[in-house]
Amino acid sequence: EADNSLESNRRAWRYYVFDPAFAVGKRVGTIQSVNVRGGPYSNLIGSQPQGALGAVVQASADLKTGTGWIYVNFDTGTDGFVFKEFLTLK
């Protein structure tokens with residue numbers, strides 16, 4: 001079984017930096033149905049529908065590609081990493 005814990009994924013973030021636009025605790029919503037992943041570019045662990053709400057736990061951007069990844073604690077369903085482009089601040 002894969003280790004999808006937030007701490008496990010933090011160890012793999014050598015090329016990531018904090019994204020201040022999505023500060024820890026900020027409320028976010030999905031703008032479309034989204035895949036939820038265990039880590040940036042990692043395995044699919046679930047999905048969330050358009051309009052799902054949650055709170056930011058960790059925000060990062062890939063220094064190589066500029067891709068933003070946000071770890072969201074959703075109000076219901078699976079928590080995990082979502083592309084920043086599919087989220088909006090609430």
Main-chain N/O of Ser47 paired to Thr78 side chain as donor or acceptor, under 3.5 Å: no

Can you hop from Leu53 to Phe83 via hydrophobic side chains spaced under 4.5 Å? no

Is it possible for you to say whether Ile31 and Leu87 belong to one hydrophobic cluster, with membership spreading through side-chain heavy-atom contacts below 4.5 Å? no

Compare every heavy atom of Gln48 with every heavy atom of Val36, then report the nearest pair and how far apart it is. CG2-CG, 3.8 Å

One pair to check against side-chain contact (heavy atoms from CB on, under 4.5 Å): Val57 and Val72. What are the steps and the verdict? CA-CA 6 Å; Val57 174; Val72 181; over 6 Å; no

Is the backbone of Pro49 close enough, under 3.5 Å, to the side chain of Thr30 for a donor and an acceptor to pair up by distance? yes

Looking at side-chain heavy atoms only, is the closest gap between Arg27 and Asp75 below 4.5 Å? yes

Would you say Phe86 ends up clustered with Leu44 if hydrophobic residues are merged whenever their side chains have heavy atoms under 4.5 Å apart, either directly or through other cluster members? no

Without swapping roles, check the side chain of Arg37 against the backbone of Ser42 for a donor-acceptor pair under 3.5 Å. yes

When every non-hydrogen atom of Gly25 is compared with those of Ala55, the smallest separation belongs to O-CB, 4.3 Å

Are side-chain heavy atoms of Ile70 and Phe81 found at a separation under 4.5 Å? no

Applying the 4.5 Å side-chain criterion to the ILVMFWY set and letting contacts propagate, would Leu89 and Trp69 be lumped into a single cluster? yes

So does Phe74 get a backbone contact from the side chain of Asp79, meaning a donor-acceptor N/O pair under 3.5 Å? yes

